[in-house]
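Notes for the one structure printed next.
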Amino acid sequence: MAVTASPEQQRLLLDVQALDTKLLQLAHKRATVEQVKLVQDLEVALGSLDMQLVAARTHLADLSLSQSKAESDVEQVRNRAKRDQERLDSGAVNAVKELESLQHEIVSLSRRQAELEDVELEVMQQVEESQQVLERLTNERTEIETQLGTVRAELTAIMADLDGQKSALDSDRAGLAADVPADLLAFYDKVRADSGGVGAAMLHRGACQGCRIAVDATELQRIRNIDPQVVVRCEECRRILVRTAESGL
Ligand SMILES: [Zn+2]
């Protein structure tokens with residue numbers, strides 16, 4: 001059964017279509033806002049940095065323990081050498097064998113101290129390097145967090161703007177749609193859903209503006225004879241063909 005409506009009501013579909021096209025463009029814009037991807041990328045980077053920071057902090061804590069141990073090792077050997085030296089200097093030890101053994105120990109303790117001080121120095125260097133790594137990662141994290149804050153704020157503003165545009169268009173469309181008979185609107189919505197978002201097109205100078213194909217002479221003649229109240233569809237694209245003064249009929 002053919003859908004019927006007054007020519008004015010049919011022409012209203014073109015205005016509804018113009019708004020629906022804008023709504024479609026808006027939806028596309030929303031789906032392709034580059035800040036969405038940016039926020040995701042920055043969040044991934046932040047997560048990766050957090051893992052690196054945990055590892056770096058653990059490494060530094062381990063090195064700090066090693067450093068304490070190295071310091072205490074040096075301290076022990078130094079104290080023992082000091083005690084030996086004091087004993088030697090005190091003159092309390094007279095036995096030759098004991099003196100020799102004491103001097104021998106002082107020499108070997110001094111060698112041992114030098115070795116342990118090398119270890120201590122190496123650990124200190126590692127601690128310093130680890131602190132630098134931690135500082136670099138912390139700075140990177142701060143930088144990314146700042147970027148993330150900026151991009152998130154941009155995204156919020158963009159989305160708010162798109163939301164505003166959408167609700168304005170929705171309200172305009174609701175106003176227009178109120179004047180279109182419900183069955184015509186439902187028919188238009190169905191055709192639009194089946195035709196990539198364009199449900200109604202003007203017949204303009206003998207061509208369908210939906211598919212841009214010129215209507216052939218026979219079909220044009222047929223359309224001329226159709227009651228203006230009857231809704232016509234394009235033979236090619238099946239969209240609603242709206243007749244106006246510029247249709248070339
Ligand atoms: Zn067409």
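Atom set for the values below is all heavy atoms of this structure, side chains included, hydrogens, waters and symmetry mates excluded. Order of appearance sets the numbers: ligands from 1, and atoms from 1 within every ligand.
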**Fill in**
For Val231 and Leu184, the nearest pair of non-hydrogen atoms, with its separation, is CG2-CD1, 3.7 Å
Scan the side chains in residues 240-249 for donor-acceptor partners under 3.5 Å anywhere in the protein, sequence neighbours excluded, and list what turns up.
unit_1, atom_1, unit_2, atom_2, d
Arg243, NH1, Ile226, O, 3.3
Arg243, NH2, Val230, O, 2.5
Thr244, OG1, Glu246, N, 3.0
Glu246, OE1, His204, NE2, 3.4
Ser247, OG, Leu203, O, 2.6
Ser247, OG, Thr244, N, 2.7
Ser247, OG, Thr244, O, 3.1

**Request:** With sequence neighbours excluded, tell me which residues meet salt bridge (Lys or Arg N to Asp or Glu O under 4.0 Å) with Asp183.
**Result:** none
**Asked** Which ILVMFWY residues are connected to Leu116, directly or by a chain of links, through side-chain heavy atoms under 4.5 Å apart?
**Response** Val74, Val77, Leu109
**Message:** No waters, cut-off 2.8 Å: how many protein N, O or S atoms are close to the Zn ion (ligand 1)?
**Reply:** 4
**Asked** With the threshold set at 4.0 Å, does a side-chain nitrogen-carboxylate oxygen contact exist between Glu140 and Arg136?
**Response** yes
**Request:** Show the numbers, then the answer: is there a salt bridge (charged side-chain N to carboxylate O under 4.0 Å, His left out) between Asp20 and Arg192?
**Result:** CA-CA 9 Å; Asp20 280 336; Arg192 185 165 61 93; 3.3 Å; yes
